[in-house]
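I have placed the structure first, in the form of structure tokens, so that the comments after it can refer back to it.
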Amino acid sequence: MQQKDIISRMDATAAAVETHLAALLDSVVAGVEVVRPAVLLAAMRHAALGGGKRLRPLLVVETARMLGGDSAGAL
């Protein structure tokens, strides 16, 4: 695999993780939740979103691919 391919996959995985986390940490109340406190939600979004925190998700997704798993399931 070439360096260009690796960087492309890293960028794609980081974008997918960012999208998935943003959807999970949306302000819309879901399921059996009663409320999502704005201060708590802001703290969770600050901790989870933003660059630089995507090495572990990349390792999980790539390991799933290597073992024949689904990258969407790994997310």
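Closest non-hydrogen pair, Ser27 versus Leu41, comes out as CA-CD2, 3.4 Å. Heavy-atom minimum distance, Val17 versus Pro57: CG2-CB, 3.5 Å.
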With a 3.5 Å cut-off and sequence neighbours excluded, list the donor-acceptor pairs that the side chains of residues 68-75 form with protein atoms.
from	atom 1	to	atom 2	distance (Å)
Asp70	OD1	Ala72	N	3.4
Asp70	OD2	Gly73	N	3.4

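Put simply, the residue from Met10, Gln2, Arg9 that forms a side chain to side chain contact (heavy atoms under 4.5 Å, CB included) with Ile6 is Met10.
No donor-acceptor distance shorter than 3.5 angstrom exists from the side chain of Arg54 to the backbone of Thr13, with no hydrogens or angles considered. Counting only distance, with no hydrogens or angles, the side chain of Thr63 and the backbone of Leu59 share a donor-acceptor pair below 3.5 Å.
With sequence neighbours excluded, the residues satisfying side chain to side chain contact (heavy atoms under 4.5 Å, CB included) with Leu40 are Pro37, Met44. By the side chain to side chain donor-acceptor pair (under 3.5 Å) test, Arg36 is found to be paired with Glu33, residues two or more places apart in sequence or in another chain being considered.
Both Leu49 and Val61 sit in one connected hydrophobic cluster of ILVMFWY residues. Membership requires side-chain heavy atoms under 4.5 Å apart, directly or through other members.
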